[in-house]
Amino acid sequence: MTPDEIKNKLTEIIRDVLDDENLILDRETSANDVEDWDSLAHISIIVAIEKEFKVKFDLYELKPLKNLGEMIDLIQAKRTN
Amino acid sequence: MVFNSFSYFIFLPLVFVIFLAVTDRYRWLVLLLSSYVYYGFILKPILLIALTAVILVTFLIGRLIDRSEDRSKRRMFLWVGVFINLTLLIYFKYLPFLVHNINQLCVSLGIDIAFDKPLLLASIGLSFFIFQAISYLADIYYRMAKPEPHLGYFALYISFFPKLLQGPIERAGDLIPQLKVKYELNYNNIRFGILLFTWGLLKKIVIADRIGLYVDVVYNDVHSFTGLPLLLATYAYAFQIYMDFSGYTDMALGSARLFNIELTQNFNSPYLATSVADYWRRWHISLSSWIRDYIFEPLQMNFRNWKHWGTALALVLAFIISGIWHGASWGFAIWGGLHGLYMACSVFYKPYQKKLHRALRLEKTFLLKVWQIFITFNLVSFALVFFRSNNLKDAVYLISNILYGKNGLNAGFLLSQGRLELAITMGSIMMFAYLAVNIFSSNRINDFNRKTSFNRYLIYNILILMVFFLANYSTKKTFIYFQF
C-alpha cells in the first residue's frame with residue numbers, strides 16, 4: 001500500500017469515528033488539532049486502524065508518534081514485515 | 001518551610017540575592033542547596049535522605065534504561081525504578097494504613113495475627129517528587145526524553161524548592177531545559193513573580209483560611225447540623241480548596257518566575273467546567289495529565305478490545321489511584337472512585353448526549369452551558385464530601401441529611417465567628433472577586449504591565465493592605481495539599 005492510500009484510509013476511519021465527513025487531515029495533523037478527538041475517540045481510532053490494516057500496536061510504538069505522518073510511516077513499516 | 005511563613009519571606013529574597021551574586025556557572029548549585037535547606041526546614045532529616053535516594057536511584061536507572069537497546073531490558077529497568085520509588089512512597093505514606101487494614105481483615109476473618117502498627121512518617125512532598133521521578137523514567141523508556149547527563153541539573157529538576165512540597169508535577173522536557181538557560185536579569189519576570197506570589201498569598205490567607213473557619217464549624221461537627229448548613233459548607237469547601245491550592249500554586253509559580261523559570265499551569269477556572277472530563281482538564285492539571293499519560297493510557301490500551309467497557313474500567317482504576325495518591329484513607333479512595341464513575345458513565349452516554357442537545361436545539365446555547373456548569377459543580381461538590389469529611393460515617397451522615405432536618409434552612413453557623421468576622425469575610429470575598437475578574441483573570445493579567453504605574457502601585461498597595469489586615473490569623477492553617 002502506498003502512503004497516500006494509507007492516508008486516505010486513515011482519513012476515512014477518523015472521519016467515521018469523529019462523525020465528521022468534512023475533516024481534512026494531512027501528515028502534520030495531530031490529535032490536538034482536531035476538535036472532539038479525546039481519549040475515547042483516540043482508542044476507537046487505534047482499534048479501527050488495527051482492524052482495517054490488520055496490524056497490532058503496542059503503546060511503546062504509539063507513544064513517540066507526533067502526528068498523522070508518523071502514524072502512516074509506522075503502519076507502512078508494520079505491513080512490510 | 002511553608003510559603004505563607006516569615007521564614008519563607010526571608011528565605012526567598014535571600015536565595016535570590018545569592019543567586020544573582022554568583023556567576024552563572026554556579027547558579028544551579030545555589031538553587032539545589034537552597035532546595036535542600038528549604039526541605040530541611042521541616043526538621044525531618046529522613047525526608048532529605050528519601051529525596052536523595054530518589055534522586056540517585058532515578059538518575060542511575062534513567063541511564064540504564066537509555067543505554068539498553070533491547071526493549072525487554074529497558075522495561076525491566078523501568079519496573080525496577082518504578083518499584084523502588086513506589087516502595088519508598090508506600091513505606092512513608094501508606095504503611096500504617098495498610099497494616100491497620102490487614103489487621104482489621106485478620107480480625108474479621110478470625111485469624112489470630114496482628115502486625116505491629118508502624119509509625120506514621122511524615123511524607124510532605126514525596127507524593128509529588130516521586131511521581132515526577134516516575135514520569136522521568138517512563139519518558140525515557142517510551143523514547144520521549146533523553147536522560148539528563150548532569151547529576152546536578154537532574155537533582156535540581158527533582159528538588160527545585162518552589163515546586164518541591166506541593167507541585168506542580170513537572171515533566172523533564174519542560175523543566176530541565178529551563179534550568180540550563182543562562183540567567184539574564186528580567187525586570188518583568190521579577191515584577192510579575194512578586195505580584196503572582198502576593199496574589200496567591202491573598203487567596204490563601206485572606207480568602208481560603210477565612211472560608212475554612214466556617215467550613216470547619218460544620219465539618220468538624222456534622223451531627224449538629226442538618227439541611228442547608230451541610231450544603232453551604234460543602235459548596236464553601238469547594239471554594240476554599242480551590243483558593244488554597246491555586247493560591248499555593250500561584251506562590252510557587254511566582255517564586256520560580258524570579259529565576260526566569262515558568263512552571264506549568266495547574267488550574268484553569270475549574271468551576272467553569274462543563275463536564276467532569278472538562279473539570280479534570282482544569283483542576284490540578286499536572287496531576288491529572290500525569291495520571292492520564294502513565295496510568296490511564298496504558299490501561300486503556302490493554303483493555304482496548306473491550307470497547308467502551310475497557311475505557312470505562314481504565315477510567316475507574318485510574319481515578320481510584322488518583323484518589324489514593326491524595327492520602328491513605330477510604331475517603332480519598334471513594335472520592336477518586338466517584339470521579340471514575342462519573343467519567344465511566346460519560347463514556348456511555350456521551351454520543352446520546354450530543355444527539356439530545358441537537359434534538360432539543362440547545363447545542364452551543366448559553367442556557368445549556370449554564371446548566372452543564374451547574375451540574376458539574378454539584379457532581380464535584382458531592383464527591384468533595386468524601387474528600388473533606390473527617391471519616392466515612394460523617395460523610396454518609398452528611399449526604400443523608402443534606403435535604404432534611406428540622407432546622408433545614410437555618411444557616412446560623414455563619415454567625416459562629418461573630419457578625420464582624422462574617423462582614424469582613426464577605427467584604428474580602430467581594431473585593432477579591434472584583435480584583436480577580438478585572439485585573440487578575442487569565443486574559444487580563446498579561447496586560448498588567450501595561451497599566452500606568454499609578455494604577456499598578458495602587459493595586460500593589462491594595463493587595464498588601466488586604467494581606468495584612470484581612471488575613472485570618474486566628475488559626476495557623478497549613479495548606480490543604482500539604483498533607484498529600
Side-chain angles (χ1 to χ4, degrees), chain A residues 6 9-10 12-23 27-81, chain B residues 65 70-75 78 135 138-146 173 275-278 280-281 288-289 291-315 318-319 343-355 358 363-364:
Chain A
I6 297 177
K9 252 297 152 212
L10 276 180
E12 212 180 290
I13 290 171
I14 295 169
R15 280 180 178 168
D16 183 48
V17 171
L18 296 179
D19 196 18
D20 184 349
E21 286 307 309
N22 302 320
L23 272 177
R27 283 189 68 98
E28 273 76 46
T29 310
S30 79
N32 300 328
D33 302 327
V34 184
E35 208 188 310
D36 281 347
W37 190 326
D38 55 21
S39 47
L40 183 61
H42 192 80
I43 200 72
S44 307
I45 291 169
I46 299 290
V47 169
I49 294 175
E50 284 184 318
K51 254 202 187 122
E52 175 66 39
F53 293 96
K54 302 206 190 346
V55 292
K56 253 218 168 293
F57 288 122
D58 201 301
L59 199 57
Y60 191 73
E61 300 166 311
L62 295 179
K63 277 263 197 204
L65 297 182
K66 290 194 201 64
N67 52 37
L68 206 67
E70 294 188 6
M71 171 58 100
I72 294 171
D73 298 339
L74 178 65
I75 295 172
Q76 193 162 43
K78 285 180 90 73
R79 280 176 72 92
T80 51
N81 287 348
Chain B
I65 296 175
D70 178 38
R71 192 194 151 181
S72 50
K73 230 177 165 198
R74 291 169 72 97
R75 189 171 38 209
L78 175 66
S135 86
D139 283 352
I140 295 172
Y141 169 72
Y142 282 119
R143 297 168 296 169
M144 303 205 315
K146 276 287 180 191
S275 67
V276 175
D278 192 27
W280 284 108
R281 290 191 283 268
S288 50
S289 55
I291 297 278
R292 179 198 66 209
D293 291 345
Y294 305 109
I295 308 262
F296 171 69
E297 264 181 28
L299 284 178
Q300 190 195 34
M301 192 69 183
N302 252 303
F303 301 152
R304 68 187 179 283
N305 292 314
W306 295 349
K307 300 212 169 68
H308 286 348
W309 291 98
T311 297
L313 181 61
L315 285 167
F319 274 95
M343 300 280 288
C345 289
S346 81
V347 163
F348 293 102
Y349 70 63
K350 200 166 170 215
Y352 302 109
Q353 195 185 39
K354 219 177 173 186
K355 291 198 180 107
R358 262 189 214 143
E363 217 184 2
K364 298 210 207 293

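Residue numbers begin at 1 in each chain, while the letters A, B, ... track the order of the sequences.
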Quiz item: Is the closest side-chain heavy-atom distance between A/H42 and B/Q300 below 4.5 Å?
Solution: no
Practice problem: Output the option from B/R143, B/R75, B/H308 having the highest count of non-hydrogen pairs under 4.5 Å with chain A. | Solution: B/R143
Exercise. Any chance you could measure B/F348, atom CZ, to A/L40, atom CG, to the nearest 0.5 Å?
Key: 9.5 Å
Quiz prompt | Salt bridge flag under 4.0 Å for residues A/D19 and B/K354 | solution = no
Quiz item: Listed by residue number, which members of residues 58-77 of chain A have a heavy atom under 4.5 Å from any heavy atom of chain B?
Solution: A/D58, A/L59, A/Y60, A/E61, A/L62, A/K63, A/P64
Self-check item: Beyond-backbone contact of B/M301 with A/I46, side-chain heavy atoms, under 4.5 angstrom
Solution: yes
Exercise. Measure distances from B/N305 to the heavy atoms of chain A and classify the residue's part below 4.5 Å as side chain, backbone, both or neither.
Key: side chain
Practice problem: Heavy-atom distances under 4.5 Å only: say whether B/F296 touches chain A with side chain, backbone, both or neither. | Solution: side chain
Quiz prompt | Heavy atoms from other residues, nucleotides or ligands near NZ of A/K56 exceed 12 (cutoff 6.0 Å) | solution = yes
Practice problem: Below 4.5 Å from any heavy atom of chain A, which atoms of B/R292 appear? Answer side chain, backbone, both or neither. | Solution: neither
